[in-house]
A.B. asks: 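Input: one structure, supplied below.
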Protein chains: 2
Amino acid sequence: MPRRTDLSATFCPVGRSAELLGDRAVLLILRELFFGRRRFELIAANTGLGPQIVSARLKMLVAEGIAERRAYSQRPVRQDYWLTDKGKALFDILYAMRNWAERWAYAPREMGEGPAIRYVHRGCGTDVGTATICPGCGAGLGYGDLKGEPSSALKAEQIARTA
Amino acid sequence: MPRRTDLSATFCPVGRSAELLGDRAVLLILRELFFGRRRFELIAANTGLGPQIVSARLKMLVAEGIAERRAYSQRPVRQDYWLTDKGKALFDILYAMRNWAERWAYAPREMGEGPAIRYVHRGCGTDVGTATICPGCGAGLGYGDLKGEPSSALKAEQIARTA
DNA sequence: GATCATAACTATGATAATCATAGTGACAAG
DNA sequence: CTTGTCACTATGATTATCATAGTTATGATC
């Protein structure tokens, strides 16, 4: 495609976010990083993206200050990727995406099963459902406040992808 | 590009959302619809997208039940696009994108100016800043609860695009 | 009543991003 | 010294995207 117009300098904040997030690969990689999958091969396997795309997007995320590359082993040299504060702040967006899809974009769900990921408020132990304010204690819910537990169906799908 | 893998049937809700939202054009068009710009030509002008893309994406949004096409004039026949309930529910995501960018993705901002769009809670009149819970009255903030006022810089940019 | 204007699109060709596949370099284990 | 793991890079075919121009339908203007 021809060179698309750059939105990173528009006055509209949604436009600036769209410049980053209007890309399947970026969203999927961020999902993996939030799930704690930091290694290149794991990210590639779980997203289904090719290694060139994963490589290019991770480079970009590092350049934008959203992720950082760390060596988790010296011999052999092995790198992985961690979210920075700027990256962790994207949690609200991904959580809103999750909430929308659980409500409006139906999954190939087993009968009677609940959401694909159950989130529990670490502070008070309440299952928050798809709320942004804890229904148990009224606290706002941000990065680190929630503990997610994938359903058996989601777990099976993830295992199938990495096998 | 080759046929990319379809994520609309994955168990992961973030994946299903990414299938829809991982696309610059979709995000920009949704922004316009939330801003109340419903006409084809206005959407094309404000997003900078070509008419083929706008056409294709609007068709898709209608097919997905996110927008609907309405005739706002019979003679001459003129159509525009409105968000459905499913579409309006995407507000939380766009609002989270706005909040993230206002905080972390810096605008070419005039000195001393605040956010590009000031949001005021309709219920109590409080300027909510980038909060998801009204700092004035504690109410949760969703679609319809907020009144947005673009800054002069953002207004100027919008006028420049449509001229 | 011929031309001009407006709105909502559709059509075409050049360009560039994406995917699938294969390969590389560094090291460790057997 | 062959095999395996991990984090990538390289290549070629495919296809989405952009810029530009054109179409259809109608109303307004000269």
Side-chain angles (χ1 to χ4, degrees), chain A residues 1-8 10 15 18-29 32-33 37-63 67-82 161-163, chain B residues 1-8 15 18-29 32-33 36-63 67-82 161-163:
Chain A
M1 325 126 166
R3 187 168 31 259
R4 57 187 210 181
T5 44
D6 179 44
L7 294 174
S8 55
T10 179
E19 180 67 28
L20 172 70
L21 299 175
D23 182 299
R24 269 164 51 97
V26 167
L27 291 175
L28 294 176
I29 290 172
E32 297 307 313
L33 295 176
R37 289 189 276 260
R38 300 181 242 281
R39 288 189 19 245
F40 189 98
E41 294 287 316
L42 273 180
I43 294 169
N46 275 292
T47 58
L49 299 167
Q52 347 75 327
I53 304 287
V54 176
S55 174
R57 292 304 184 282
L58 285 172
K59 275 199 178 76
M60 189 241 99
L61 291 173
V62 169
E68 60 183 22
R69 203 167 108 113
R70 293 186 193 167
Y72 68 88
S73 160
Q74 289 300 340
R75 328 206 45 244
V77 181
R78 294 271 190 274
Q79 315 287 152
D80 59 2
Y81 296 87
W82 294 73
R161 269 198 296 250
T162 50
Chain B
M1 325 122 165
R3 184 166 39 256
R4 59 190 207 178
T5 44
D6 178 45
L7 294 174
S8 55
E19 180 68 27
L20 172 71
L21 300 174
D23 181 302
R24 271 164 51 97
V26 167
L27 291 174
L28 294 175
I29 290 172
E32 297 308 313
L33 295 177
R37 289 189 275 262
R38 301 181 240 283
R39 288 193 16 249
F40 189 98
E41 294 287 316
L42 273 180
I43 293 170
N46 275 292
T47 58
L49 298 167
Q52 346 75 326
I53 304 287
V54 176
S55 174
R57 291 304 184 281
L58 284 173
K59 275 199 177 76
M60 189 238 99
L61 291 173
V62 170
E68 60 183 23
R69 204 167 110 113
R70 293 187 194 167
Y72 67 89
S73 161
Q74 289 300 339
R75 327 206 48 244
V77 181
R78 295 272 189 271
Q79 316 285 153
D80 59 0
Y81 296 87
W82 294 72
R161 268 198 296 250
T162 50

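Below, chain A is the first sequence line, B the second, and so on; all start at residue 1. The figures here come from the full heavy-atom set of this structure, side chains too, leaving out hydrogens, waters and symmetry mates.
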A.B. asks: To the nearest 0.5 Å, how far apart are CD1 in B:I43 and OH in B:Y81?
C.D. replies: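 So the CD1 of B:I43 and the OH of B:Y81 are separated by 8.0 Å.
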
A.B. asks: Quick one: side chain to side chain contact (heavy atoms under 4.5 Å, CB included) partners of A:A71, sequence neighbours excluded?
C.D. replies: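 A:A71: side chain to side chain contact (heavy atoms under 4.5 Å, CB included) contacts with A:Q74, A:Q79.
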
A.B. asks: What is the distance, to the nearest angstrom, from the CE atom on B:M60 to the C1' atom on C:dC9?
C.D. replies: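 The answer, rounded to whole Å, is 19 Å.
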
A.B. asks: Over how many whole Å does the gap from A:Y72 atom OH to C:dA26 atom P extend?
C.D. replies: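 Rounded to the whole Å, the gap is 17 Å.
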
A.B. asks: Quick one: A:R37 CZ to D:dA7 P, roughly how many Å, whole number?
C.D. replies: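 Atom-to-atom, A:R37 to D:dA7, this comes out as 15 Å.
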
A.B. asks: Sequence neighbours excluded, which residues qualify as salt bridge (charged side-chain N to carboxylate O under 4.0 Å, His left out) partners of A:R38?
C.D. replies: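 With sequence neighbours excluded, A:R38 shows a salt bridge (charged side-chain N to carboxylate O under 4.0 Å, His left out) to no residue whatsoever.
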
A.B. asks: Would you say a side-chain N or O of B:K59 is under 4.0 Å from OP1 or OP2 of C:dA8?
C.D. replies: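 Looking at the OP1 and OP2 atoms of C:dA8, neither is under 4.0 Å from any side-chain N or O of B:K59.
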
A.B. asks: Would you say A:R24 reaches D:dA16's phosphate, i.e. side-chain N/O to OP1/OP2 under 4.0 Å?
C.D. replies: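 For D:dA16, neither OP1 nor OP2 has a side-chain N or O of A:R24 closer than 4.0 Å.
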
A.B. asks: Holding to salt bridge (charged side-chain N to carboxylate O under 4.0 Å, His left out), I want the full list of residues that pass it with A:E32, two or more places apart in sequence or in another chain.
C.D. replies: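 Partners of A:E32 by the salt bridge (charged side-chain N to carboxylate O under 4.0 Å, His left out) criterion, ordered by chain and then number, come out as A:R37.
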
A.B. asks: I need the CG-P distance between A:D80 and D:dC6, as an integer number of Å.
C.D. replies: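 It works out to 13 Å between those atoms.
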
A.B. asks: Measuring to OP1 and OP2 of D:dC8, would you say a side-chain N or O of A:Y81 lies under 4.0 angstrom away?
C.D. replies: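 For D:dC8, OP1/OP2 do have a side-chain N/O of A:Y81 under 4.0 Å.
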
A.B. asks: Tell me which residues in residues 38-48 of chain A put a heavy atom below 4.0 Å from DNA chain C, sorted by number, or none.
C.D. replies: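 By residue number: none to list.
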
A.B. asks: Among residues two or more places apart or on two chains, list those pairs meeting salt bridge (Lys or Arg N to Asp or Glu O under 4.0 Å) that have a residue in residues 44-63 of chain B.
C.D. replies: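 Only B:D23-B:R57 qualify under salt bridge (Lys or Arg N to Asp or Glu O under 4.0 Å).
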
A.B. asks: Please state how far atom CD in A:Q79 lies from atom C1' in C:dA26, giving the value in whole angstrom units.
C.D. replies: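 One finds 12 Å between C1' of C:dA26 and CD of A:Q79, rounded.
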
A.B. asks: Give me each pair satisfying salt bridge (Lys or Arg N to Asp or Glu O under 4.0 Å) with a member in residues 41-55 of chain B, each pair once, sequence neighbours excluded.
C.D. replies: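 Output for this query is empty, none listed.
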
A.B. asks: May I ask you to decide if A:N46's main-chain N or O and A:R161's side chain share a donor-acceptor pair within less than 3.5 Å?
C.D. replies: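 Present.
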
A.B. asks: Kindly write out the residues that satisfy salt bridge (charged side-chain N to carboxylate O under 4.0 Å, His left out) with B:D80, not counting sequence neighbours, or none if the list is empty.
C.D. replies: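 Salt bridge (charged side-chain N to carboxylate O under 4.0 Å, His left out) list for B:D80, sorted by chain: empty.
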
A.B. asks: Please report, rounded to the nearest Å, how far the P atom of C:dA8 is from the CD1 atom of B:I29.
C.D. replies: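 Taking CD1 of B:I29 and P of C:dA8, I get 14 Å after rounding.
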
A.B. asks: Can you tell me the distance, in whole Å, between the CG atom of B:L49 and the P atom of C:dT10?
C.D. replies: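 The distance from CG of B:L49 to P of C:dT10 comes to 16 Å, rounded to the nearest Å.
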
A.B. asks: One character per nucleotide, please: for nucleotides 20-30 of chain D, 5' to 3', B when the base has a protein heavy atom closer than 4.0 Å, S when only the sugar-phosphate does, - otherwise.
C.D. replies: BB----SS---

A.B. asks: Using a cut-off of less than 4.0 Å, is there contact between a side-chain N or O of B:S55 and OP1 or OP2 of C:dT10?
C.D. replies: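 Affirmative; the distance criterion is met.
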
A.B. asks: The criterion is side chain to side chain donor-acceptor pair (under 3.5 Å); which residues satisfy it with B:R70, sequence neighbours excluded?
C.D. replies: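 So B:R70 forms a side chain to side chain donor-acceptor pair (under 3.5 Å) with B:E68.
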
A.B. asks: Take atom CD1 of B:I53 and atom P of C:dA17, then tell me their distance rounded to the nearest Å.
C.D. replies: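 Computing the B:I53:CD1 to C:dA17:P distance gives 14 Å.
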
A.B. asks: Tell me whether the OP1 or OP2 atom of D:dT17 has a side-chain N or O from B:R57 closer than 4.0 Å.
C.D. replies: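 Yes, within the criterion.
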
